[in-house]
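For the numbers below, each heavy atom of this structure counts, side chains included, while hydrogens, waters and symmetry mates do not.
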Amino acid sequence: MFKRLIYILLLLPVACIDPFKVAIPEGQQLLTIEGIIHSGAGPHTIILTRSATYGSVFEALIRPVSGATVVIRDNEGRITFLEEDQNSRGNYTTPTGFRAEIGKSYTLQIQTVEGKVYTSLPERVESVPQIENITLKTVTVPVEGETNPRSGVQLISEINDPADQKNFYFWRLSPVVHVLEARPDLFTPRPSPEFPDRIVFPKPCCAICYRTEITGNQSVFIAQDDNFNGLTTRIPAAFIEDNGLRFVSKLRVDLKQYAVSQEAYRFLRLVKQQAEINGSIFDPPPATIRGNMINLENPDEVVLGYFMAAGESSRRIYIDKSDLTFRQNNALIPDDCRTVSGASVDPPLDWVP
């Protein structure tokens, strides 16, 4: 009986399971264009980058597109060549003295080292009203599980909107410059064979520096004049977060106001909407937002970003710590303030608080 069972088992079909290979399509390396030319002082910068393919170990990295030929052409046929910054690959800057002219239209044209040619749709430079005044508002945001809220300063632009044209506004910040305070007298080197114990070794310098820092805007600040055409109005235009270092004394920033095209405004509005999605089931899924750049040989290629041309007005403001109704606790830097990136003991030549 036992032998018969063995024979039966040997006669049964024997099969193995082959591993099923899932074919994952390779993701595209999407070209991204970021930049704006305007009527203000330059240089103006166009940034070209490309994302890594899906599944690559460098997938999360953004890679600069170097060696491209980048030109700007106006509606009168005048061509301006941009030069790549040798210290910042993928950044292409206009020549000294270049400014976009109000009323003219500009087109960005790019040829990569692979021979692909991209062009933007024409962007017209619109006139922009001056920033009449900047007012400040301290903003606090509760943080779940924390007793101390996040906080910062909102900059509000006051403008006299012209009644004879449709206006679309966009605001950006220059790099900020602020006083940086440190405690070099509390410097404690890391344990080492030379200093095995954590003992304070005060440094003779330096407690006060001036730091230049790119903070960027915490959101996309845009507006259209549907509700205030021809009126004087005040519009939230920027936000600078208080990180415990920026508002210990004084901070300086230039608020830049742009009059962009209606198409550029629509693009920025979509970017703003997508950036503010909070992740609920009622939010639309994130989508690729196409800009105004196309591949001349392959119009179906997805190109990200937008080339803008705009009129610019700018206003500088110094913010004192007393202007804030709420401030974060001062962050402690137990070292020479010059060790902080972007810090120097000398103020900028144009520092006039």
Approximate separation, where rounding is to 0.5 Å, of I46 CD1 and L108 CG: 5.5 Å
Enclosure of E83 CD (heavy-atom neighbours >12, cutoff 6.0 Å): no
With V143 via side chain to side chain contact (heavy atoms under 4.5 Å, CB included) - residues at least two apart: E146, R150
R89/E84 ion pair, N-O < 4.0 Å: yes
Test side chain to side chain contact (heavy atoms under 4.5 Å, CB included) applied to I159 and I235, step by step: CA-CA 8 Å; I159 60 174; I235 312 171; 4.0 Å; yes
Partner set under disulfide bond (SG atoms under 2.5 Å apart) for C206, not counting sequence neighbours: none
hydrophobic_cluster_shared for V253 and I134, side chain cutoff 4.5 Å: yes
Donor + acceptor pair across side chains of S88, N91 (<3.5 Å): yes
Pairs satisfying ring pair (Phe, Tyr, Trp, His ring centres under 6.0 Å), at least one member in residues 85-107, at least two apart: H44-F98
Flag, side chain of D323 to backbone of D320, donor-acceptor distance under 3.5 Å: yes
Qualifying residues under ring pair (Phe, Tyr, Trp, His ring centres under 6.0 Å), relative to H178, sequence neighbours excluded: none
Salt bridge flag under 4.0 Å for residues R124 and E126: yes
Polar side-chain atom of T45 near backbone of T93 as donor-acceptor pair, under 3.5 Å: no
ILVMFWY cluster, I240 and V248 together (side-chain gap under 4.5 Å): no
With a cut-off of 3.5 Å and sequence neighbours excluded, list every side-chain donor-acceptor pair involving residues 227-234.
{"unit_1": "T232", "atom_1": "OG1", "unit_2": "N160", "atom_2": "OD1", "d": "2.5"}
{"unit_1": "R234", "atom_1": "NH2", "unit_2": "T135", "atom_2": "OG1", "d": "2.9"}

Contacts of type side chain to side chain contact (heavy atoms under 4.5 Å, CB included), residue T215, not counting sequence neighbours: L173, V176, E213, R246
ILVMFWY cluster, V220 and F168 together (side-chain gap under 4.5 Å): yes
Other cluster members, I208 - Ile/Leu/Val/Met/Phe/Trp/Tyr, side-chain contacts below 4.5 Å: V177, V179, Y210, Y318, W351, V352
Reported SG-to-CG distance for the pair C209 and D346, which is rounded to 0.5 angstrom: 9.0 Å
Verify same cluster id: M293, V65 (apolar side-chain graph, 4.5 Å): yes
Check ion pair R316-D254 (N to O, under 4.0 angstrom): yes
I33 vs L48 side-chain heavy atoms within contact, under 4.5 Å: yes
Residues in ring pair (Phe, Tyr, Trp, His ring centres under 6.0 Å) contact with Y306, at least two apart in sequence or another chain: F267
Point-to-point distance, once rounded to the nearest 0.5 Å, from CG of D74 to CD of E123: 14.5 Å
Close side-chain approach of L255 to S157, heavy-atom, < 4.5 Å: yes
Nearest non-hydrogen partners of S313 and Q130, listed with the distance: CB-OE1, 3.8 Å
For R50 against Y118, the heavy-atom pair lying closest together: NH2-OH, 4.1 Å
Any S219 side-chain heavy atom under 4.5 Å of K272 side chain: yes
Co-membership, hydrophobic cluster, residues V260 and I289, 4.5 Å side-chain: yes
Listed partners of F187 passing ring pair (Phe, Tyr, Trp, His ring centres under 6.0 Å), at least two apart: none
Ring pair (Phe, Tyr, Trp, His ring centres under 6.0 Å) partners for Y169, two or more places apart: W171
I222 side chain near Y265 side chain, heavy-atom distance below 4.5 Å: yes
F221 and F239: CA distance, side-chain angles, deciding distance, side chain to side chain contact (heavy atoms under 4.5 Å, CB included) verdict: CA-CA 9 Å; F221 286 85; F239 179 80; 4.1 Å; yes
Least distance between heavy atoms, A331 atom then N243 atom: CB-O, 4.4 Å
Distance, nearest 0.5 Å, that separates CD of E181 from CG of L245: 10.0 Å
Minimum side-chain heavy-atom gap P129-Q257 below 4.5 Å: yes
Heavy-atom donor-acceptor pair, T112 side chain to I110 backbone, under 3.5 Å: no
Heavy-atom side-chain proximity of P162 to N167 below 4.5 angstrom: yes
Check against side chain to side chain contact (heavy atoms under 4.5 Å, CB included), I319 and L136: CA-CA 9 Å; I319 303 174; L136 305 174; 3.9 Å; yes
Criterion side chain to side chain contact (heavy atoms under 4.5 Å, CB included) on I72 and T107, from CA distance to verdict: CA-CA 6 Å; I72 294 171; T107 301; over 6 Å; no
Residue pair R290 / P299: nearest heavy atoms and the distance that separates them: NH2-O, 3.5 Å
Side chain proximity check, D335 to K203, heavy atoms < 4.5 angstrom: yes
Student check: side-chain heavy atoms of S151 and V139 closer than 4.5 Å: no
L180 to C337 - nearest heavy-atom pair and separation: CD2-O, 4.0 Å
Shortest non-hydrogen contact from I102 toward G311: CD1-CA, 4.0 Å
Any residue meeting side chain to side chain contact (heavy atoms under 4.5 Å, CB included) with Q273, in chain and number order, not counting sequence neighbours: R269, L270
Residue E34 excluded, over 12 heavy atoms near CD under 6.0 Å: no
E312 and R172 ion-paired at < 4.0 Å: no
Side chain to side chain contact (heavy atoms under 4.5 Å, CB included) against R327, all qualifying residues, sequence neighbours excluded: D242, F247, K321, L324, N330
Between CG on residue N292 and CZ on residue R266, distance to nearest 0.5 Å: 13.0 Å
Salt-bridge criterion met for R252 and D350 (N-O under 4.0 Å): yes
Between CD on residue E76 and CD1 on residue I79, distance to nearest 0.5 Å: 13.0 Å
